[in-house]
2 protein chains.
Amino acid sequence: MVTIKDVAKEANVAPSTVSRVISGHKSISENTSKKVKAVMRKLGYEPNVAARTLVTQKTKTIGLILKTASKEMTQNPFFTDVLMGISIACKKRAYSTIMTTAIESEELIAEVESLMKSKSIDGFIMLYSKENDPIIKLLKKNKFPFVVIGKQLQERDIIHIDNDNIEASELMTQFMIDKGHNHLAFIAEPDSYAVAIDRIEGFKKVCIKNNVNEFQIFNARPERNEIMEVVKKMKEQKVFPSAIITSDSMLNINLLSALYHYNIRIPDDVMTATFNDSFINESASPPQTVVNIHPEYLGEEAGIAMIKLIEDPNIIKKNTIIPTEIIERASTKRQENV
Amino acid sequence: MVTIKDVAKEANVAPSTVSRVISGHKSISENTSKKVKAVMRKLGYEPNVAARTLVTQKTKTIGLILKTASKEMTQNPFFTDVLMGISIACKKRAYSTIMTTAIESEELIAEVESLMKSKSIDGFIMLYSKENDPIIKLLKKNKFPFVVIGKQLQERDIIHIDNDNIEASELMTQFMIDKGHNHLAFIAEPDSYAVAIDRIEGFKKVCIKNNVNEFQIFNARPERNEIMEVVKKMKEQKVFPSAIITSDSMLNINLLSALYHYNIRIPDDVMTATFNDSFINESASPPQTVVNIHPEYLGEEAGIAMIKLIEDPNIIKKNTIIPTEIIERASTKRQENV
DNA sequence: TTGAAAGCGCTACCAA
DNA sequence: TTGGTAGCGCTTTCAA
């Protein structure tokens, strides 16, 4: 292994000088800097991360806390996009990331505590927001820096990065109503995370404001047979809704599968739309109109905020709201040319 | 921060004794072990990873080399499943993982070289297999341990974890022929990675063996308009194929979208099937028959092999083949009850 | 502008 | 079975 001493010897300088060259210390002369850099290249020197971490007490890595590392989570394009956004932002600033792998809550707490106490990371980005979360308590108790991707709940002194999900849902609902729909349905996951609650709220609000004839809210987990049940219920009603909004892509693809089964055509028999944009929606049968919530920006902003907080713990803790917008695709376009 | 010295002082032993307790050294008496462990718990001690790494020269982390960290890759369920498989296997053995984030090939080489030389990781798992890969050359030159998920090409002295993709494709093709199909189509990606080549080979072989009336191979990238073109071509033929196999889920969902557009119903007008199983196929319109290639096992086996190789560099380098099997779903089931 | 040297927290060797 | 201690590769302080 080539160390800083090897470089120093070869360049006829002290190790401390080499160290200064590496960190771009201002008091180093042009000359020595050039000379040392040449030697570093020649010997293929690369700083030893562990040694540096040991003395600086900075790991330059950020921990990502997933609610659960289950397939439902890791396969959801929303999360992979958020993760990519974080990775890119971190890499640009010479930080790396490490993800929790716990499935169960107990296990997750232990994992987070271990990462924190073993000084493996400089801060955490939490990829969810939940009332009374024990992890938040743990981090606050230890005064360990972190930011949250998700809604601000009670806590005032925590940085949150989020969309305005109420507004996003209002946008989507109004869009449907403007298409002339008068009987809308909304499908959301039953476990009431802030996201779903807000989207339901936005939906209700706009339906009421516009005096929509009928609007319904269904709960289902993103599994095909649960959505099949929902569609079956819809069919048993006097009138089938003319527009269905799902609160997540995973619900949406299952809805499309159920509608396909019953040979209910989109957009002719019913129009559909959903939240989050990804290849799943773009390549769906048919391509789906969506509210793009820009998961990669959520991730990027979270990464930037986290690094700022690590490098200056006294920074003002302000939240960031990522804007959303509708992308219209075939699922809400009346087909003229058929 | 609580260090090994703090624990030693509190427990009235030497730091080296504490170290031995941590590593489960056999020559430690039951008594001291208990005493020291109690103190560790009491003080909330957690070993400092950087310090340990510095002296042992082992990071206990494994680098994952992605061909490219683009969305096409990170959103593909095949890869997220492989990644999860690796993570789980590593975590069980107290290893963590770190993923490359480079999009471009040049950038990737630099990233790998830096990770290697900065002693940030103990070994690499490559998530692709390519002829004349410069990264493989780099790793071999530096005698750095690694395993490959993908096909064995020239190199004999490298551990490979893979499926038998020829066989898997033979299985799938025979399955379709047994359904009575006599005009089959196969859609694969144009850039000829080993996986696609093998699947095409298996398809051809079985078609010829069974004297299939007509079989065709189409090339398309997994983008909707490219697949739309393919389907359009199919429609312009005298006869539309009665079964279409795609070599990847991403191609498959785009195919379904195109067929939906032309109102070609599955399985009535055409039967479809694809490789890799995930929620995408399970919740597709309609649910797809697939060859399950068990990406999570590929990952798990790769993780296990990698750790074995790190801990004993002289291990015999043998390959592992993960079995595959067909899961039949609606896309190939003749509907009796309509 | 540069050098010398202490020390980060841990493991592992040599002694006891 | 346990203790003392050198040293992993680096940064940083103090001195020159």
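We use all heavy atoms of the structure for the numbers below, so side chains are in, but hydrogens, waters and symmetry mates are not. Order of the sequence lines fixes the chain letters, A, B, ..., with proteins taken first and strands second; residue numbering starts at 1 for each chain.
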Worksheet item: Is any N or O donor-acceptor pair between the side chain of A:R52 and the base of D:dT12 shorter than 3.5 Å?
Response: no

Discussion item. Any donor-acceptor pair, under 3.5 Å, between the side chain of A:T17 and the base of C:dG3, if you only look at N and O atoms?
Written reply: no

If you compare every side-chain N and O of [X] against the phosphate oxygens of [N] (OP1, OP2), does one of them come in below 4.0 Å?
X	N	result
B:Q57	D:dG9	yes
B:T53	D:dC8	no
A:S19	D:dT11	yes
A:S27	C:dT2	no

Rounded interatomic separation in angstrom, taking [atom1] from [X] and [atom2] from [N]:
X	N	atom1	atom2	result
A:K26	C:dT2	NZ	P	15 Å
B:K34	D:dT1	NZ	C1'	17 Å
A:N12	C:dT2	CG	C1'	13 Å
B:K58	D:dC8	NZ	P	17 Å

Discussion item. Nearest heavy atom decides the nucleotide; on that basis, is A:S29 or A:P15 closer to the 5' end of DNA chain C?
Written reply: A:S29

Worksheet item: In terms of the nearest nucleotide of DNA chain C, which residue is placed more toward the 5' end: B:T56 or A:A51?
Response: A:A51

Worksheet entry | Sugar-phosphate only, base, or nothing, as touched by A:T3 at under 4.0 Å among non-hydrogen atoms | sugar-phosphate

Discussion item. Using a 4.0 Å heavy-atom cut-off, does B:D6 contact any base of the nucleic acid, only the sugar-phosphate backbone, or nothing at all?
Written reply: nothing

Practice prompt. Return yes if some donor-acceptor pair links the side-chain N/O of A:S118 with the main-chain N/O of A:S114 below 3.5 Å, else return no.
Written response: yes

Discussion item. Using modelled atom types and a 3.5 Å cut-off, is there a donor and acceptor pairing between side-chain atoms of A:D122 and backbone atoms of A:K60?
Written reply: yes

Name the closest nucleotide to the [X] side chain, picking from [options].
X	options	answer
A:I22	D:dG9, D:dT11, D:dG4	D:dT11
B:R20	D:dT11, C:dC13, C:dG9	C:dC13
A:I28	C:dT2, C:dT11, D:dT2	C:dT2

Worksheet entry | Short N-O contact, B:K119 and A:E46, less than 4.0 angstrom | no

Worksheet item: Quick one: is the NZ or CZ of A:K140 closer than 6.0 Å to the six-membered ring centre of A:F146, and within 45° of its axis?
Response: no

Fill in: Aromatic ring pairing B:F124/B:F144, orientation class (parallel under 30°, perpendicular over 60°, tilted between)
tilted

